[in-house]
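Residue numbers begin at 1 in each chain, while the letters A, B, ... track the order of the sequences. These figures come from a predicted structure and were not determined experimentally.
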Amino acid sequence: MATERYNAREVEARWQKVWTDKDVFVTSNEDEREKYYVLEMFPYPSGRIHMGHVRNYAMGDVVARHKRAKGFNVLHPMGWDAFGMPAENAAMQNNVHPKDWTYENIAFMREQLKIMGLSLDWSREFATCDVEYYEQQQRLFLKFLEAGLVYRKNAKVNWDPVDMTVLANEQVIDGRGWRSDALVEQRELTQWFFKISDYSEELLEALDGLDRWPDKVRLMQKNWIGKSEGLRVRFEFIEAAPTGDQVLEIFTTRPDTLFGASFMGLSPDHPISTKLAESNPELQAFIEECRRIGTTAEAIETAEKNGFDTGLKVKHPLDASIELPVYVANFILMDYGTGAIFACPAHDQRDLDFAHKYDLPVRPVVLPKDADAATFEVTNEAYTDDGTIFNSGFLNGMSIGAAKNAVAKKLEEIIISDEPQGERQVNYRLRDWGISRQRYWGCPIPVIHCDDCGVVPEKDENLPVELPSDINFDKPGNPLDRHTEWRSTSCPACGKPALRETDTMDTFVDSSWYFARFTAPRCDQPTDPKAANHWLPVDQYIGGIEHAILHLLYSRFFTRAMQKVGALDIKEPFKGLFTQGMVTHETYKSSDGKWLNPADITFSETDGKRTAIHTETGGPVTIGSIEKMSKSKKNTVDPTDIIDTYGADTARWFMLSDSPPERDVIWTEEGVQGSWRFVQRVWRLVQEIADGTEARSNEIPEMTGKALDLRRATHKTIAAISKDLESLGFNRAVARIYEHVNQIGKAAHDGMSAPEMAYAVREAAESLAQMIAPMMPHLAEECWTKLGMYGLISETDWPHVDDSLLVEDTVTLPIQINGKRRGEITVARDASKEVVEAATLELDFVQRVLEGRAPRKVIVVPQRIVNVVA
RNA sequence: GCGGGCGUGGUGGAACUGGUAUACACAGCAGACUUAAAAUCUGCCGCCUCAGGGAUUGCGGGUUCAAGUCCCGCCGUCCGCACCA
């Protein structure tokens, strides 16, 4: 019987229909089996899926299908992160409604995902812009407000002048907006904040328990939370400051260096600086200059340390005879600590630079281990390492740690103006999360501004506060501000006319709880606690590293906040996290320097050198570096084109082979074709076996020789692949499958007519279909049917491993002489060390080396290696 | 500046907790089939070397019977944070 070529398009469509018609991947909350929740970060509906999505969802699907075969009740849902700026930009540019644009994109992308053959439970699908979803988000917001987790304050905020909205600290990268890339400005606005800082310590401590998260992500979050322990110290002014303050409060992590103080520094935004500037135009000018410099990386590196002497003086807390001048200094941040410092130039580089510029004293107080106290001095480089305290009165001779404690203890006991002069304090870098956005396409913040009652939460029964659909984008800014009809409402407290809040929520709020909503997506409350507690935490979460802080930190906070308001009862949302690498591709440029798309290029190879020309014009093409696929560099490959040509299985297989999943993968045409050839090869082999052998008998025939070897290989492979998939080593699993297919192919070609061989080959083919099923589900179903197997492979258990086939009776050990491999020996598997040693020493080549002498030492590691030390 | 990762053939990479380095794939070469091409099949394929062998996991040192793997110091590269007191 001739083998047929595999028609991926026809086969894939057919099996997808079967899966859908039979609801194979619809998951019930009522199921006795152990649960497993696998989730990939849901996509933003930008218009089309890209290769990054294909990689992400292929990985998640392998996990889902493997776990299902292993007997788990698997939840594997999909939805849409659908609010956000691009929809508004499209509205402004193309005169479409953001809602229409978004839902049309969703419809298109849903079909793209469906042709990938993902084992998703589509019955749980939602978009965050669905009224039903954001209504529940508003309900959550009100619960958080009631629980004191939300507040409103006037604050300096990051203003993105291009997107015309506020950004959270996490959304500012190198001083630029994370989406617009515009230089961020500082603006003073009244905004809504989530009290994420209440959880600083908890979010930090719990990182230790996230042992199935990448260390890198945990470290990044740790640094972001930025805990530092120190002392808050109050310095008495000689004469009160113009604000009326008698003391200046500072925060320091180095109280041990207090005797090295030579001046005090105030942030330009410190209230005392502001007050002084009112009557001092020179200082006013200096402060404005500081603000202009900005906070970009380059600015910070190049900016000189600048200051302004206020003329104010304070007393040293440990030696009243020392007076310290107070400067306004450009390198002091208002929003860390108290916005004021004491400066110790000898042991802090910034303070040292400043001291040099303004000719202030440099007094070393930490002596390096081998330095001489009489001669040690600090010139151009501050000394920040360990040492012994000197020049410091009662601290002399102490270690840094002991001195820190001694100063803290002493200052805690001194009382000035009814308060202790020093107080131990823990500071965090993490700020509260500002969630107000001055945009239309987001979840409205459900509060009302009443002239009499102030800010009043909307009543629960009035939810949802629905977005109006009759809006226009002909003017810049937030269309909700101009929609007087929508804004006008009545106060929920007093009933008088009042105005709605027009800010909407940061879209990161939407994605901070969607994983919980999937567990009961149609519930009339934000969550069904029973369902949420059953399914959560997510057992395996997969997505890009770019969310290491943003989304992943917000979600961790949100889960705790939801626990506080009783929406669920867990703390950590994601038990296992995996961050996959990017999909990259070569870049191409035409002779006039324009980026070119790979689809428009023809390649040729002469003498091992690859050259490229533009297919249409024949013009020369420069082959450039390998970069992340991006629209701007045009080095993208459309998944739909690939699936049309080769099928979804080929695309999925290629995405999983070669590169380890956490690393970047390079998309190449050769690689895809290699995967395509493999699909054909498997199909040919399975047809050959299905046509050339009878179905397996229930009785296992007596196994010897090659048939036994093949059975052993089959069972070893099943065990190994299972382990690889469990640890997300997709590339290793792929390599093993290649190896095993080579083994099966050889066995089949050697002849499969003998009953024991027929059995072994048939068994190998069946388990091969099962092993490729998580990666190439359509091909697997087709093979399963071809082999005459019952039911769907998608509903079939993982192949059973016969442990007795995993161990061999004999093992071959390498023999090293003085650490170099010189030969090998085959011994019984359970041979004792003594037996192996004796057998080794009898070998010719060993005796030749020893020349009759006894070896100095023989190391036998059972089942591993023998090393003879001559 | 601070913190972290990575460095193995022409290429992507494998090597479990220190135990046969280079599995598997891509590219390449030779052969078979073919009028030819594609597809497929068979074999070869890191370096030096005359068989035998020798050196080799960015560089230099160390620990060990044994190091790609552990330790110290460099070099390169990527990522995160960044005037955080």
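Between the side chains of R856(A) and N818(A), no donor-acceptor pair of N or O atoms lies under 3.5 Å. Side chains of D432(A) and S197(A): a donor on one and an acceptor on the other come within 3.5 Å. In summary, the side chains of N306(A) and K357(A) do present a donor paired with an acceptor at a separation below 3.5 Å, with no hydrogens or angles considered. Remark: the Y6(A) side chain and the T650(A) side chain contain no N/O donor-acceptor pair separated by less than 3.5 Å.
When distances are taken from the side chain of R684(A) to each of A85(B), C41(B), G12(B), the shortest belongs to C41(B). Considering only the side chain of M220(A), G80(B) comes nearest among A39(B), G80(B), G19(B). Among the nucleotides A85(B), A82(B), U20(B), the one closest to the side chain of W224(A) is A82(B). Taking the side chain of L219(A) as heavy atoms from C-beta on, and the options G13(B), U20(B), G4(B), the nearest nucleotide is G4(B).
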Which pairs, protein N/O on one side and nucleotides 22-25 of chain B N/O on the other, fall under 3.5 Å?
from   : atom 1 : to      : atom 2 : distance (Å)
A23(B) : O2'    : E739(A) : OE2    : 3.1
A25(B) : OP1    : N742(A) : ND2    : 3.4

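Remark: aromatic rings of F354(A) and Y327(A) are close, center separation under 6.0 Å. In this structure, W676(A) has its ring center no closer than 6.0 Å to that of F654(A).
Remark: C1' of G43(B) and NZ of K746(A) are 11 Å apart, rounded to the nearest angstrom. Distance E688(A) CD to C41(B) P: 10 Å, rounded to the nearest Å. Taking atom NE2 of residue H749(A) and atom C1' of nucleotide U40(B), one finds them 10 Å apart after rounding to whole Å. Rounding to whole angstrom units, CZ of residue F730(A) and P of G13(B) are separated by 16 Å. Distance, R254(A) CZ to A85(B) P: 11 Å, rounded to whole Å. What separates CG of N223(A) from P of A82(B) is a distance of 10 Å, to the nearest Å. Nucleotide U20(B) holds its P atom 14 Å from the CD1 atom of I859(A), rounded to whole Å. Counting to the nearest Å, the P atom of A82(B) and the CZ atom of R431(A) are 10 Å from each other.
Using a 4.0 Å heavy-atom distance criterion, I250(A) is classed as making no nucleic acid contact. Counting non-hydrogen atoms under 4.0 angstrom, S657(A) reaches nothing in the nucleic acid. Among the atoms of the strands shown, only primed sugar atoms or phosphate atoms (P, OP1, OP2) are found under 4.0 Å from some heavy atom of V869(A). Across all strands, Q816(A) comes closer than 4.0 Å to base atoms (heavy-atom distances). Base contact: N867(A) has a heavy atom under 4.0 Å from a base atom.
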How does RNA chain B look in dot-bracket form if you count Watson-Crick and G-U pairs under 3.5 Å, write [ ] for pairs that cross, and put | where a base pairs with another strand? (((((((..(((......[....))).(((((.......)))))..((....))...(((((..]....))))))))))))....
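Side-chain N/O atoms of K857(A) include one lying less than 4.0 angstrom from OP1 or OP2 on C65(B). Contact between the side-chain N/O atoms of R429(A) and the OP1/OP2 oxygens of A82(B) is found at a separation under 4.0 Å. Between R822(A) and G54(B), a side-chain N or O to OP1/OP2 separation shorter than 4.0 Å is present. A sub-4.0 Å separation between OP1 or OP2 of G13(B) and a side-chain N or O of R663(A) is present.
With both ends at atom P, the span from C6(B) to U69(B) equals 12 Å, rounded to whole Å. With both ends at atom P, the span from C48(B) to A82(B) equals 50 Å, rounded to whole Å. Atom P of G19(B) sits at a distance of 15 Å from the matching atom of C71(B), rounded to the whole Å. Atom P of C75(B) sits at a distance of 38 Å from the matching atom of C24(B), rounded to the whole Å. Using C1' as the reference atom, G12(B) and U8(B) are 12 Å apart when rounded to the nearest Å. Comparing the C1' positions of G13(B) and G68(B) gives an interatomic distance of 14 Å, to the nearest angstrom. U64(B) and C2(B): their C1' atoms are spaced 35 Å apart (whole Å). Nucleotides G5(B) and C72(B) place their P atoms 12 Å apart, quoted to the nearest Å.
Mapping D664(A) and P814(A) onto RNA chain B via the closest heavy atom, the residue that lands nearer the 5' end is D664(A). Annotation: of the two residues near RNA chain B, F342(A) and V868(A), the 5′-most nearest-nucleotide partner is V868(A).
Put simply, the side chain of F845(A) reaches to within 4.5 Å of the side chain of I815(A), judged on heavy atoms. With contacts defined as side-chain heavy-atom distances shorter than 4.5 Å, the pair L552(A)/R556(A) does not qualify. The side-chain heavy atoms of F678(A) and V741(A), taken from C-beta on, include a pair separated by under 4.5 Å. Between M334(A) and P271(A), the closest side-chain pair of non-hydrogen atoms falls below 4.5 Å. Considering only heavy atoms from C-beta on, N380(A) comes within 4.5 Å of H356(A) through its side chain.
For G76(B), the O4'-C1' to base torsion is more than 90° from 0; the nucleotide is therefore anti.
Ion pairing of K716(A) with E808(A) is present here, as a side-chain N (NZ or NE/NH1/NH2) and a carboxylate O approach within less than 4.0 Å.
Under 3.5 Å, the side chain of K305(A) and the base of C83(B) form at least one donor-acceptor pair of N or O atoms.
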